[in-house]
Q: 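Can you read through this structure? Questions will come right after.
We count residues from 1, following the sequence as given. Values below: every heavy atom of this structure, side chains too, minus hydrogens, waters and symmetry copies.
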Amino acid sequence: RNITKHMSKEDGTELKNELSNIKNSKTFDEAMMRFEKALIKQKDSYKSFIAYVWQRRQRYLNFIKYPERIRKYIYTTNVAENFNRRIEQIRVRLSGYFQSEEVLGVNIILQIKRLKENKWKSPQPMFKACEYELLQLHRLRFGSMKLDDSIKDAISEMNNYDSDKKNLNLRSA
C-alpha cells in the first residue's frame, strides 16, 4: 500500500511485481538479495521512501523463514483487518464512539469469544500440518533462553526496588 502512495504508478507496479516474485523465493537469503536489488534500482528516484524501506527490509520478508505452505497466511493482514472491521462496526452501532475503555474491552472480549466459538474453533489445517516445523523454529529461536534465570532476576529486581522504597520511606519519616 505504501508503494502506491510514495511511488509513481509505473515504478510502483514494477516494484510490486518484483515483490510478488520475491514471495516465491525458496530461502530467506535469496529473497533478501532480490529485495535489496529491487530497492537499489529505485534508490535514486525515491531516496527517503526507499531508505525507510531499506532500514526495515528484514521485517518485510520474515514470513519467508517459515514453511512454504503457511507463508501466505503469515504475510497477509486479513485476520487483523477482519477483527478491526468487526470492532469498527460495533463502534458505529454505538453512535460513533465507545463510552469508555471498559466498554471497548468488553466488546473486544466478546468478539474474541464469538470468533473462538465459530470461525476460530478449529485450527487452520496448514498450520496444523506444519506444527512440528513451527515448534522447531520456536525452539531454535527461544530455546536458549533460560526463563528461570530471568524470573530470578525479576524477583531480585523487585525485592531491591521494594527495599529501596522502604528505605526512602524510613528516611523521610
Side-chain angles (χ1 to χ4, degrees), residues 1-9 11-25 28 31-32 34-36 38-39 42 46 48-143 145 147 150-151 153-155 157-158 161:
R1 292 182 195 146
N2 282 333
I3 289 172
T4 56
K5 196 165 43 172
H6 295 282
M7 297 178 80
S8 71
K9 189 174 183 176
D11 292 340
T13 302
E14 181 183 335
L15 187 57
K16 282 182 186 179
N17 291 338
E18 185 60 31
L19 288 173
S20 293
N21 294 331
I22 290 171
K23 287 179 189 177
N24 298 325
S25 298
F28 179 76
M32 184 59 66
R34 291 173 66 188
F35 188 48
E36 288 171 347
L39 292 176
Q42 302 290 342
Y46 307 98
S48 59
F49 174 65
I50 296 299
Y52 175 84
V53 173
W54 183 269
Q55 288 175 326
R56 292 157 184 78
R57 66 191 180 278
Q58 291 195 345
R59 294 180 191 167
Y60 292 107
L61 300 176
N62 269 336
F63 67 92
I64 293 179
K65 295 178 181 177
Y66 293 91
E68 279 187 60
R69 293 179 285 180
I70 62 170
R71 287 180 187 172
K72 69 180 181 180
Y73 301 105
I74 296 172
Y75 75 75
T76 66
T77 57
N78 292 346
V79 173
E81 288 173 2
N82 184 324
F83 185 78
N84 288 333
R85 181 183 50 78
R86 289 169 181 257
I87 298 299
E88 184 65 15
Q89 287 172 342
I90 294 169
R91 185 189 65 78
V92 169
R93 271 188 256 128
L94 293 173
S95 302
Y97 65 94
F98 290 101
Q99 292 81 0
S100 66
E101 287 184 25
E102 288 81 18
V103 172
L104 171 62
V106 167
N107 280 291
I108 288 173
I109 290 168
L110 288 172
Q111 285 305 311
I112 291 171
K113 184 178 178 193
R114 286 183 190 133
L115 285 167
K116 282 183 176 180
E117 289 171 355
N118 298 309
K119 200 172 189 177
W120 294 351
K121 190 172 187 175
S122 57
Q124 171 53 254
M126 287 299 173
F127 278 88
K128 193 69 175 160
C130 296
E131 185 175 21
Y132 178 77
E133 292 171 80
L134 292 171
L135 286 171
Q136 294 307 314
L137 288 170
H138 184 270
R139 287 187 182 119
L140 283 172
R141 176 141 188 219
F142 300 107
M145 292 181 154
L147 293 178
S150 62
I151 290 172
D153 291 343
I155 290 170
E157 190 176 320
M158 288 187 293
Y161 176 83

Q: If you apply the rule side chain to side chain contact (heavy atoms under 4.5 Å, CB included), what do you find for L134 with H138, and how did you get there?
A: CA-CA 6 Å; L134 292 171; H138 184 270; over 6 Å; no
Q: Which pair of non-hydrogen atoms, one from M126 and one from I70, has the smallest distance, and what is that distance?
A: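 Looking at all heavy atoms of both residues, the closest pair is O-CG2, 3.5 Å.
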Q: In Å and rounded to the nearest 0.5 Å, what is the CG to CG distance from N78 to N82?
A: 8.0 Å
Q: Are any non-hydrogen side-chain atoms of W120 and V79 less than 4.5 angstrom apart?
A: yes
Q: Quick one: are E14 and M7 in side-chain contact, heavy atoms under 4.5 Å?
A: no
Q: Quick one: closest heavy-atom pair of P67 and L137, and the distance?
A: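 Nearest heavy atoms, P67 then L137: CD-CD1, 4.1 Å.
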Q: CD of Q124 to OH of Y73: how many Å apart, nearest 0.5 Å?
A: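 Result: 4.0 Å between the selected atoms.
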Q: I need the E68 CD to S25 OG distance, nearest 0.5 Å.
A: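 Output value for this atom pair is 9.5 Å.
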Q: Between G12 and I3, which heavy-atom pair has the shortest distance, and what is it?
A: CA-CG2, 3.4 Å
Q: Kindly check if the number of other-residue, nucleotide or ligand heavy atoms within 6.0 Å of CZ (R59) is above 12?
A: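 Incorrect, the count does not exceed 12.
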Q: Hey, could you give me the CD1/OH distance between I64 and Y75, rounded to the nearest 0.5 Å?
A: 10.0 Å
Q: Side chains of V53 and H6, heavy atoms from C-beta outward: is any pair under 4.5 Å?
A: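 Side chain of V53 against side chain of H6, heavy atoms only: no contact under 4.5 Å found.
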Q: Are the side chains of K116 and I112 in touch, meaning some heavy atoms are under 4.5 Å apart?
A: yes
Q: For the pair N107 (side chain) and V103 (backbone), establish whether a donor and an acceptor sit closer than 3.5 Å, ignoring hydrogens and angles.
A: yes
Q: Has R91 got a side-chain atom pairing as donor or acceptor with I87's backbone, closer than 3.5 angstrom?
A: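 Not confirmed, R91 side chain does not pair with I87 backbone.
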Q: Around atom CD of E117, are there more than 12 heavy atoms from other residues, nucleotides or ligands closer than 6.0 Å?
A: yes
Q: With rounding to the nearest 0.5 Å, note down the distance linking CD1 in I74 to CZ in F127.
A: 4.5 Å
Q: Looking at Y66 and R71, what are the two nearest heavy atoms and their distance?
A: O-NE, 3.0 Å
Q: Taking all non-hydrogen atoms of both residues into account, name the closest pair between Q99 and L94 and its distance.
A: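 Here Q99 and L94 meet closest at OE1-CD1, 4.2 Å.
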Q: Would R85 and E88 pass as an ion pair if we require N to O under 4.0 Å?
A: no
Q: Does F83, at its CZ atom, have more than 12 non-hydrogen atoms belonging to other residues, nucleotides or ligands within less than 6.0 Å?
A: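 Count over threshold, so yes.
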Q: Enter the distance from D11:CG to F49:CZ here, rounded to the nearest 0.5 Å.
A: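 Taking CG in D11 and CZ in F49, the distance rounds to 11.0 Å.
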Q: Passes side chain to side chain contact (heavy atoms under 4.5 Å, CB included), R69 versus E133? Steps please.
A: CA-CA 11 Å; R69 293 179 285 180; E133 292 171 80; 3.0 Å; yes
Q: Could you tell me if the side chain of E36 sits less than 4.5 Å from the side chain of W54, heavy atoms only?
A: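 Yes, close enough: below the 4.5 Å cut-off.
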